[in-house]
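As structure tokens, the structure follows; a few thoughts come after it.
Quick note on labels: first sequence line is chain A, next is B, and so on, each numbered from 1.
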Protein chains: 2
Amino acid sequence: MPISVLRYHRYVSEPTSTRRRILDAAARLLEEHGRDGVTTRAVSYAAGVQPPTIYRHFTDMSGLLGAVAADGFDTYLARKHAAALSDDPVQDLRDGWDTHVEFGLTHPAHYLLMYGRPVPGETSPAAQRSADRLHLLVERIAAAGRLTVTVETAAAMIHSAGSGLTLHLIGVDPDERDPELPGRLREAVLRAVTGDAPPAAPGYTQHATALKAALGETDDLLTAGEQALLGELLDRLGGSRGGRGRSSAAAGAPEGGAEANPC
Amino acid sequence: MPISVLRYHRYVSEPTSTRRRILDAAARLLEEHGRDGVTTRAVSYAAGVQPPTIYRHFTDMSGLLGAVAADGFDTYLARKHAAALSDDPVQDLRDGWDTHVEFGLTHPAHYLLMYGRPVPGETSPAAQRSADRLHLLVERIAAAGRLTVTVETAAAMIHSAGSGLTLHLIGVDPDERDPELPGRLREAVLRAVTGDAPPAAPGYTQHATALKAALGETDDLLTAGEQALLGELLDRLGGSRGGRGRSSAAAGAPEGGAEANPC
DNA sequence: CGCCTAGTGTTACCGGCGATAACACAACGA
DNA sequence: TCGTTGTGTTATCGCCGGTAACACTAGGCG
């Protein structure tokens, strides 16, 4: 790249941006003195700026704390493998669980910021990022045909148990922590969301045909009409490579009533 | 009781003691405005005393908050059966779990005070009370010879999962809470600490969830509407397991299970 | 060139917070 | 009767989160 392009701009050679310095100072205070050590004064002093500067970059205190939490979480995950996925989705989830717990124990103050004070409807950016990744990991298990509950339910179970475990461990003196605990709880939840069964064959056609074959057992969950409808949709996925669209439009209800209505 | 015994003492006929008034005022503020609404000024004003009076009774702010949490928790448990134990220790634990979660959802601010900000080595009196009761419930299961792990490990697993679940639910909008979640997580942990084998999931659930996960790939076979419809039917098959509530617990342990590599 | 605008950091300040010192006063026991 | 103890008060401190108003710089544009 020719020198001429390297025009002088304000921040090109500045060692670290003000925002970065504030973030780092706040993170350091957070780790060393806990949540209560992160005050506007302390941060501004440690970052070498005046207090109002903080508000210029992070609208208020909670904005700063949220940014610190997100930054710390991202950094940690980036340093770990993060995106390295194997071809065993269950093992990947296991690794994700362990990494999550490890982060909480390595950075308890960050972790408490993320999960310690839930507010209905709100989710910190860091927690959201973590939840997204969990959802992805669980979905891969579902795609492998090894999930026995909804993806959403499985993710919620795993998150509840995992975060509860981490918070519990944070509250226990390191020497007194039960070494059995993390592994056992993890496997308990894992067994509950996966069957112990070996992975089913990949590809949706197999699942469609298998499900079609088992349709008769679903009387307590689906009405007769729903079973019939589902059967037709599964036929489309499992068998004939028919053209798209229109074929389904015609099919009326199998018979007039279609209203067994259990439930 | 003869009147002569009712000597006049300062507080005999006083409607409520100062300590009680402060406690009640703080609890009300906590429920109505959350943790941040409980300030020395607000409490003292609501209780009709001067701020320093609070320090006379509860050495500092955290002392007051601890007392409020403990008081609220005790009151709640007292109003519930609390000590009513049946002759089925596992069912008693189940009830205890449900009561615990219910308390957290009914009094989220109290609950966050108890579990939201763990500090290594410290345990709030309220949390300690709850832990003691859990220990007792688990010990009864052990006495019945139905525990496959240490009492301590079992209690820690249950506590981690239960408090994590409650914190998770507190953070989710009431309308969007997964009704399956609490029961499933509870049974998963219960099965892991007692030797019970998981109830055989109907074979179709895995196929249903797998197919759901692969719905996105079916664009060439199904219209968007059909995909949505199919997705809903698949959720019904993957989500709920016929009988609800306790039914799933009974199943004996056909195989040792429970020991698949806790790592 | 000279003016304007946007971005950034500053000084000075506000109301509210947790906490404490020093005092006022009632009840009780020697 | 007089100290002691328990309880609640007045007055005040230092720190907090947050904001208004100003100062300076760089870039855009006539």
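- One interatomic measurement links the two molecules: OH of A/Tyr45 to C1' of D/dC16, which rounds to 18 Å at whole-angstrom precision.
- Looking at heavy atoms from C-beta onward, B/Ile170 lies out of side-chain contact with A/Val119 at the 4.5 angstrom threshold.
- Taken to the nearest 0.5 Å, the CD atom of B/Glu180 stands 6.5 Å off from the OG1 atom of A/Thr150.
- Between B/Tyr115 and B/Tyr111, the ring planes lie tilted relative to each other; the angle falls in the 30° to 60° range.
- Proximity of B/Thr18 to B/Arg56: side-chain heavy atoms (C-beta onward) are nowhere separated by under 4.5 Å.
- A heavy atom closer than 4.0 Å to some atom of DNA chain C occurs in no member of residues 26-43 of chain A.
- One atom, CD of A/Gln50, and another, P of D/dG18, lie 17 Å apart when rounded to the nearest Å.
- Taking the side chain as every heavy atom from C-beta outward, B/Val68 and B/Phe58 never approach each other to under 4.5 Å.
- Counting to the nearest Å, the C1' atom of D/dG17 and the CG atom of A/Leu65 are 12 Å from each other.
- Checked against D/dG8, C/dT11, D/dT10, the side chain of B/His57 finds its nearest nucleotide in D/dG8.
- Rounded to a whole Å, the CZ atom of A/Arg56 is 11 Å from the C1' atom of D/dA20.
- Nearest nucleotide to the B/Tyr55 side chain, out of C/dT20, C/dT10, D/dG18: C/dT20.
- Put simply, CZ on A/Arg20 is 19 Å from C1' on C/dT8, counting in whole angstrom units.
- Nearest nucleotide to the side chain of A/Thr53, out of D/dA11, D/dG8, C/dG9: C/dG9.
- The backbone N or O of B/Ser86 sits less than 3.5 Å from a side-chain atom of B/Asp92, completing a donor-acceptor pair.
- The backbone N or O of B/Leu113 sits nowhere less than 3.5 Å from a side-chain atom of B/Arg35 that would complete a donor-acceptor pair.
- Separating the CG atom of A/Asp60 from the P atom of D/dC16 is a distance of 17 Å, rounded to the nearest angstrom.
- One atom, CZ of B/Phe58, and another, P of C/dG18, lie 15 Å apart when rounded to the nearest Å.
- Look at CD1 on A/Ile54: it is 11 Å from P on C/dT10, rounded to the nearest Å.
- Nearest nucleotide to the A/Met61 side chain, out of C/dA19, D/dT9, D/dG18: D/dG18.
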